[in-house]
Amino acid sequence: MLQKIRRLSAVAYRLAGAFILLALLTVAGGFTSGSASGKTVEDFSILPLSGQTVQELVVENPLGPVEVAYKEQAQPEIRIQKTGRGVRAALTQRSLDSVKIEVSEEEGVLRIATRPPRTPGWWFSATVRLTVVLPNQSLQNISLTVRKGEIAIRGIRVRDQVTASTGNGEIDVLNAAGKFDLATSDGKILLENVDLRPGSRIVSSRGAISGRLRIWAPGSYHLETLRGDIAVTLTDLTPVEIEASASRGNFRIKGLPGLVIDEMGPSRVRAHIGTGEVQLNLNSQDGDIAISK
């Protein structure tokens with residue numbers, strides 16, 4: 001009798017394990033195949049801004065990318081695209097509704113913060129894409145913090161500093177000016193038609209840095225990547241001192257009139273044009289470095 005009970009218990013355990021496995025496969029199938037048990041819900045909204053001049057912008061979005069732009073004659077607004085993925089449509093919608101975007105405009109300071117869902121779980125994930133269209137082109141400060149996603153800055157001139165960081169994503173800066181402190185852990189950085197101010201620091205842990213730069217004011221400028229190439233075009237040649245190091249890469253400097261090579265080694269180059277009031281530092285541990293006009 002005891003052996004019979006043990007055999008029945010073993011069978012029961014195997015059946016229970018089979019039912020659990022079947023349930024897990026059903027849920028997983030819902031996520032991958034788009035069946036009734038796996039749903040994607042999207043929500044798009046626009047929040048108009050007051051139109052008053054913005055002196056400082058602070059954005060925190062742990063759930064996705066951020067774009068900040070000035071467009072002539074465009075309506076100042078915040079465009080919010082929320083996407084939720086979950087097991088069932090109704091539950092996914094409720095969870096997505098709990099993702100809030102907090103906005104405040106006080107004394108020229110515009111603050112935007114994304115608040116994750118109140119009850120996060122393995123069965124639900126959310127992405128929030130923010131696009132901020134500003135009423136004015138020139139600001140005092142910008143601070144953008146993204147946990148995972150791209151950052152884009154377009155057509156903005158900042159008098160003091162732009163601070164932007166993302167844990168996983170590209171950073172694109174186009175037609176902009178300011179002192180930039182940019183950092184990404186995994187992504188390339190593009191600086192196209194950018195007027196850099198002294199003290200700018202551009203860092204990517206795993207990604208290339210490239211673009212067209214104007215650096216003219218005396219001071220230091222630092223570009224660094226651990227894994228990736230650095231390729232920059234200097235659109236306005238001024239007295240500059242260049243110091244470049246590449247542990248496992250090659251150097252290419254061309255088209256810079258008046259350039260004098262001070263030191264050329266297997267992993268380091270020092271050169272200057274004129275009196276060298278501008279200090280340009282380029283570092284790549286695993287990539288090539290190219291400088292041109």
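Quick caveat: nothing in here was measured; it's all calculated off a predicted structure.
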Hey, could you give me each pair passing salt bridge (charged side-chain N to carboxylate O under 4.0 Å, His left out) that has a residue in residues 135-156? Not counting sequence neighbours.
E67-R154
Could you pull out the closest heavy-atom pair between N136 and Y70, with the gap in Å?
C-CD1, 3.5 Å
Look at the side-chain heavy atoms of Ile, Leu, Val, Met, Phe, Trp and Tyr, link any pair under 4.5 Å apart, and say whether L182 and V203 land in one connected group.
no
Among L191, V173, V194, whose side-chain contact (heavy atoms from CB on, under 4.5 Å) with I202 holds?
L191
Rounded to the nearest 0.5 Å, how far does OG1 of T92 lie from CG of D97?
10.5 Å
CD (Q55) and CD1 (I142) are apart, to the nearest 0.5 Å, by 11.0 Å
Return yes if some donor-acceptor pair links the side-chain N/O of N281 with the main-chain N/O of H222 below 3.5 Å, else return no.
no
Quick check: is V109 connected to I101 through a chain of hydrophobic side chains (ILVMFWY, heavy atoms under 4.5 Å apart)?
no
Determine, for D286 against R227, whether the closest basic-nitrogen to carboxylate-oxygen distance falls under 4.0 angstrom.
no
Are a donor atom and an acceptor atom from the side chains of S104 and E102 found within less than 3.5 Å of each other?
no
Please tell me if the side chains of E277 and T238 come closer than 4.5 Å, counting only heavy atoms from C-beta onward.
no
Strictly distance-based, threshold 3.5 Å: is any side-chain N or O of T225 a donor or acceptor partner for the main-chain N or O of G207?
yes
Kindly indicate whether the side chain of P135, heavy atoms from C-beta on, has any atom under 4.5 Å from the side chain of V54.
yes
Does L223 reach the side chain of L280, with side-chain heavy atoms less than 4.5 Å apart?
yes
Is any NZ, NE, NH1 or NH2 atom of the basic residue among R111 and E56 found under 4.0 Å from an Asp or Glu carboxylate oxygen of the other?
no
Treating S220 as the side-chain partner and Q279 as the backbone partner, does any N or O pair qualify as donor plus acceptor under 3.5 Å?
no
Nearest-0.5 Å distance, CD1 of residue I189 to CZ of residue F180
11.5 Å
Straight-line distance of Q137 CD to K71 NZ, nearest 0.5 Å:
13.5 Å
Evaluate the side-chain proximity of N283 to Q285: yes if any heavy-atom separation is below 4.5 Å, no if none is.
no
Would you indicate whether the side-chain heavy atoms of V133 and R79 approach each other to under 4.5 Å?
yes
Does atom CD of E107 have more than 12 heavy-atom neighbours, drawn from other residues, nucleotides or ligands, at distances under 6.0 Å?
no
Minimum side-chain heavy-atom gap I156-V162 below 4.5 Å:
no
Any sub-3.5 Å donor-acceptor pair from D181's side-chain atoms to Q161's backbone N or O?
no
Looking only at atom types and distance, does a side-chain atom of T235 sit under 3.5 Å from a main-chain N or O of L213, one as donor and one as acceptor?
yes
Distance check, rounded to the nearest 0.5 Å: E224 atom CD versus I230 atom CD1?
8.0 Å
Just by modelled atom types, is the S95 backbone N or O under 3.5 Å from a matching donor or acceptor in the S98 side chain?
yes
Considering the options I46, V59, V103, L134, which one meets the side-chain contact (heavy atoms from CB on, under 4.5 Å) requirement together with I78?
V103
Got L256 and I242 here, is their nearest side-chain heavy-atom distance under 4.5 Å?
yes
Would you mind reporting whether S138 and R159 have side-chain heavy atoms less than 4.5 Å apart?
yes
Under 3.5 Å, side chain of T184 to main-chain N/O of G169, donor-acceptor pair present?
yes
